[in-house]
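Everything on this sheet refers to the single structure shown next.
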There are 2 protein chains.
Amino acid sequence: MHPRTQRILQRLEKLGSISDAPNCLSRFYGTTAHIQSRKVLIEWMESAGMTVHCDNIGNVRGILKSKAPNAKHLVVASHYDSVFDAGKYDGPLGVLLGIEIAQQVSESGQDLPFHLQVVAFADEEGGRFNTAYLGSGVLAGYFDKTWLSRKDDAGETLDSVIQKMGHHIDLVNDEAIPKEDWLGYYEVHIEQGPVLCDKDLPVCLVSGIAGQTRVDIHWKGMAGHAGTSPMDLRQDALCAAAELTLIIEALGKKHKEKLVATVGKMIVGPNSSNVIPGTVYHTLDIRSMQDHFLAEMVAYLEQQALTIAKKRGLHCEWKVMQSNPSVDCDPQLSAALEKGIKKSGVRELLSIPSGAGHDGVMISKVAPISMLFVRCTDGISHNPAEYCSPEDIEAALFASDAFLEALADSIK
Amino acid sequence: MHPRTQRILQRLEKLGSISDAPNCLSRFYGTTAHIQSRKVLIEWMESAGMTVHCDNIGNVRGILKSKAPNAKHLVVASHYDSVFDAGKYDGPLGVLLGIEIAQQVSESGQDLPFHLQVVAFADEEGGRFNTAYLGSGVLAGYFDKTWLSRKDDAGETLDSVIQKMGHHIDLVNDEAIPKEDWLGYYEVHIEQGPVLCDKDLPVCLVSGIAGQTRVDIHWKGMAGHAGTSPMDLRQDALCAAAELTLIIEALGKKHKEKLVATVGKMIVGPNSSNVIPGTVYHTLDIRSMQDHFLAEMVAYLEQQALTIAKKRGLHCEWKVMQSNPSVDCDPQLSAALEKGIKKSGVRELLSIPSGAGHDGVMISKVAPISMLFVRCTDGISHNPAEYCSPEDIEAALFASDAFLEALADSIK
């Protein structure tokens, strides 16, 4: 194993040990562990030869400036916050690979034709304030001020946490890299899915990030006594929700090549074994790379929900909570990445869409993006069992080195 | 309206105002409101001419002793505890009617050929300790000592509450009426269902109490990322539960003349919109007057659950938590009640099974039972909207007077 790979592994262990929870990994935005991990990241970036600062949302940003006139920024990034009971690769792997390729550039004394900016985003998961992409949003110039009043489970506001971290809210909007200054964005991330395991490949290109629509569905029927209400006089909200859940699953299976659809959350009221459910709230999470098709499928499911409601004499409220279009990775960046993957000796080139969302969704609003997926065992993530082998991490490192080289060549 | 009916209405209002909750009716076992309502009941029973005592579980018991040698006990009873956010008729109506018919006997100086014992059971709903039929269980000699260690939501044990009420746990087992001393049991209760409204009748006979089986069902699949897990590689516990829920509903509808089947409670894990459900727990409540048929249907549903589990690659645990056989009302008592209903001028005789459980389930272990249902608007109960009209209450009162008379005649 190369000493650089070893250093990445050591750093993954180190970051993985900085947690707010005693028995598992948890690093939410603005907590003690979060702030502590930031210090460590600053140290590592500085020792890699970068000029480092922590911006006013908490992103750690290391820069290797180019001497080229009118040089633009290539941002290599991922996030350093985590979900609760997390694995240690989701986020940190991309940050540490970024630091490692920067250190190689710095130590070689090479002057790239672009500024290389390695960024560790402060909040991507949004676990504390439900503020996914908070860090990358700030870098792209999309900071939503209404989020400042959001509260965590303990009732503390985002506003208050940002100030306690020592940041100036008034300056957050100045942290963005202006659109015209971007060369592009590159992120290495674990796949969080089973395809690379299935194909027995260490890494692959990401073709894009799936569009995602999230819907809240509220059913209102009539609660009643489970022993005395005849079957044909019921308005059972749970049976209606069950019917829609199976229609959603069947639709996903029918279009399994281009769609995933999930009912992940369901809350039944009054939720008592001897009372007919009067209310049910549940979610729909539906994703596809094809925006038009996705919109069609969402409309179809809404129609199905209304049909069920009518048939059963219930009320159904259909509330689209979030709708992100799909994002394509940039052909030119991807061509350089393809060269990098080939050069690093990976047996086969593969390009797959990402069903999971990533910071690139935000960055794509202002800059071309590219991503490299790394195999993680059984596709498991958001789980302490999350695992990447040293060999696969090394493959990702060499591919990233070669990507940087190919990109520099293409610009010179 | 007869002054006796008026007195019942006033007392319903009075009892309905004694609550532990500030904005709704709630009278759980052993609470301040529960103990306060007991005092009021003792007062009313005494003023009706009965000898009254409160037994060691908290049942309020008023007796009009018969002078007949070897006289047995006719118990006329219902309960004075309530669910949370209750209506004021469920329980108290039967107790107050009992007091009223006893007062008439007492004031007339009549010597019945049986002891008339009016009982207000301390706990039928079991809302605090999940101890349904606690009061009637003690009267029938079926007190489950293992219940003493059960805790309420605040962590207080049943044992401690009984002692705080001033009762002696060692003496609880002595409170039972021995099997050989029972003449029978009679209870007036609101229907809690829609049949009397549908037939436009004030009261009817109860033919029996349905058998009830309660099952806890635990599904264990595999949680996963809603964006990255292909549809055909999922083990979605909620989709399995939804499938079974609809099979349960379909079975109930197919046999709607003799079965009700309900999934009332469902809890999904981890219950997050972007995570495939890995676990689901839900209940099955299934009831029928036909015990053999009920057992067959439960077995059929278990088979269906296992088939779903196998098909979907999930684990399913099927745990029967409770299984009460159906109870038939006694033909002789019912014959006397039939006479009573006829004599009181009700247009049509109707006899229906009770889908809801009642204290008679416990008492039937030692004595013949009979019940009279009173119409409640739209079948609504366990709800502040629960309502019985004064006219229907009066019909129940007169039918109960006449039942007592017919029963006395049949014994003399």
Side-chain angles (χ1 to χ4, degrees), chain A residues 191-195 210 212 214 216 223-234 236 238-239 241-246 248-249 252-253 255-256 259-268 270-277 280 282-285 287 321 354-357 379-383, chain B residues 191-195 210 212 214 216 223-234 236 238-239 241-246 248-249 252-253 255-256 259-268 270-277 280 282-285 287 321 354-357 379-383:
Chain A
E191 181 200 346
Q192 302 180 276
V195 180
Q212 179 185 10
R214 201 168 68 72
D216 278 359
H225 196 297
T228 60
S229 308
M231 293 305 295
D232 48 2
L233 292 180
R234 298 179 172 204
D236 187 321
L238 180 56
C239 288
E243 205 176 328
L244 185 63
T245 298
L246 292 179
I248 289 167
E249 186 195 33
K253 284 189 167 173
H255 301 289
K256 65 182 175 178
L259 194 74
V260 285
T262 310
V263 176
K265 185 173 188 176
M266 185 177 283
I267 291 166
V268 178
N271 213 32
S272 176
S273 71
N274 62 353
V275 181
I276 298 161
V280 171
H282 68 91
T283 55
L284 162 66
D285 179 312
R287 312 189 195 198
M321 300 301 288
S354 172
I380 294 168
S381 71
H382 288 193
N383 191 307
Chain B
E191 182 200 345
Q192 303 179 274
V195 181
Q212 179 187 8
R214 200 168 69 71
D216 278 0
H225 196 296
T228 59
S229 310
M231 294 305 295
D232 48 3
L233 292 181
R234 298 180 171 203
D236 186 322
L238 180 56
C239 288
E243 205 176 329
L244 185 62
T245 298
L246 292 179
I248 289 167
E249 186 196 33
K253 284 190 167 174
H255 301 289
K256 64 181 176 181
L259 195 74
V260 284
T262 310
V263 177
K265 186 174 187 175
M266 185 176 283
I267 291 167
V268 178
N271 213 31
S272 177
S273 71
N274 61 351
V275 181
I276 299 161
V280 170
H282 68 91
T283 55
L284 162 66
D285 179 314
R287 311 188 195 201
M321 300 302 287
S354 171
I380 293 167
S381 71
H382 288 191
N383 190 306

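Treat the numbers as computed from the prediction; the structure is a model and nothing was measured. All chains are named by letter (A, B, ...) in the order of the sequence lines, taking the proteins before the strands, and each is independently numbered beginning at 1.
Contacts of Leu259(B) with chain A are made by backbone atoms alone, with heavy-atom separations under 4.5 Å and no side-chain atom involved. Looking at Thr283(B), only its side chain comes within 4.5 Å of chain A, counting heavy atoms on both sides. In this structure, chain A has no heavy atom under 4.5 Å from any part of Ala210(B). In this structure, chain B has a heavy atom under 4.5 Å from the side chain of Leu233(A), while its backbone stays farther away. Contact annotation for Val260(A): both backbone and side-chain heavy atoms come within less than 4.5 Å of a heavy atom of chain B.
By number of non-hydrogen pairs under 4.5 angstrom with chain B, the leading residue of Ile267(A), Leu244(A), Leu246(A) is Leu246(A). Comparing Gly193(A), Pro230(A), Ala223(A), Cys239(A) by how many heavy-atom pairs each has under 4.5 Å with chain B, the most go to Cys239(A). Taking chain A as the reference chain and counting heavy-atom pairs below 4.5 Å, the highest number among Ser381(B), Ser354(B), Ala261(B) is found for Ala261(B). For the options Leu238(A), Asp216(A), Leu284(A), heavy-atom pairs under 4.5 Å to chain B are most numerous at Leu238(A). Per-residue counts of heavy-atom pairs under 4.5 Å with chain B were compared for His382(A), Gln212(A), Glu243(A); the largest is that of Glu243(A). Annotation: maximal heavy-atom pairing with chain B below 4.5 Å, among Ser229(A), Gly357(A), Gly379(A), Pro194(A), occurs at Pro194(A). Of the listed residues (Arg214(B), His255(B), His225(B), Lys253(B)), the one with the most heavy-atom contacts under 4.5 Å to chain A is His225(B). When the candidates His282(A), Arg234(A), Glu191(A) are compared by the number of heavy-atom contacts under 4.5 Å with chain B, Arg234(A) comes out ahead.
Of the inter-residue distances, the one linking Asp236(A) atom CG with Thr245(B) atom OG1 reads 8.5 Å to the nearest 0.5 angstrom.
Formation of a donor-acceptor pair under 3.5 Å by the Asn271(B) side chain with backbone atoms of Met266(A) is found in this model. Remark: the backbone N or O of Gln192(B) is paired with a side-chain donor or acceptor of Thr228(A) at under 3.5 angstrom.
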### Query
Between Lys265(A) and Ser272(B), does a side chain to side chain contact (heavy atoms under 4.5 Å, CB included) hold up when you go through it step by step?
CA-CA 5 Å; Lys265(A) 185 173 188 176; Ser272(B) 177; 5.9 Å; no
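Summarising the geometry of Thr262(A) relative to Pro277(B), their closest heavy-atom pair is CG2-CD, 4.5 Å, with the distance given to 0.1 Å. Closest approach of Val268(B) to Gly264(A), counting heavy atoms only: CG1-O, 3.9 Å.
Applying the salt bridge (charged side-chain N to carboxylate O under 4.0 Å, His left out) test to every pair with at least one member in residues 223-232 of chain A, sequence neighbours left out, gives these pairs: Asp232(A)-Lys256(B).
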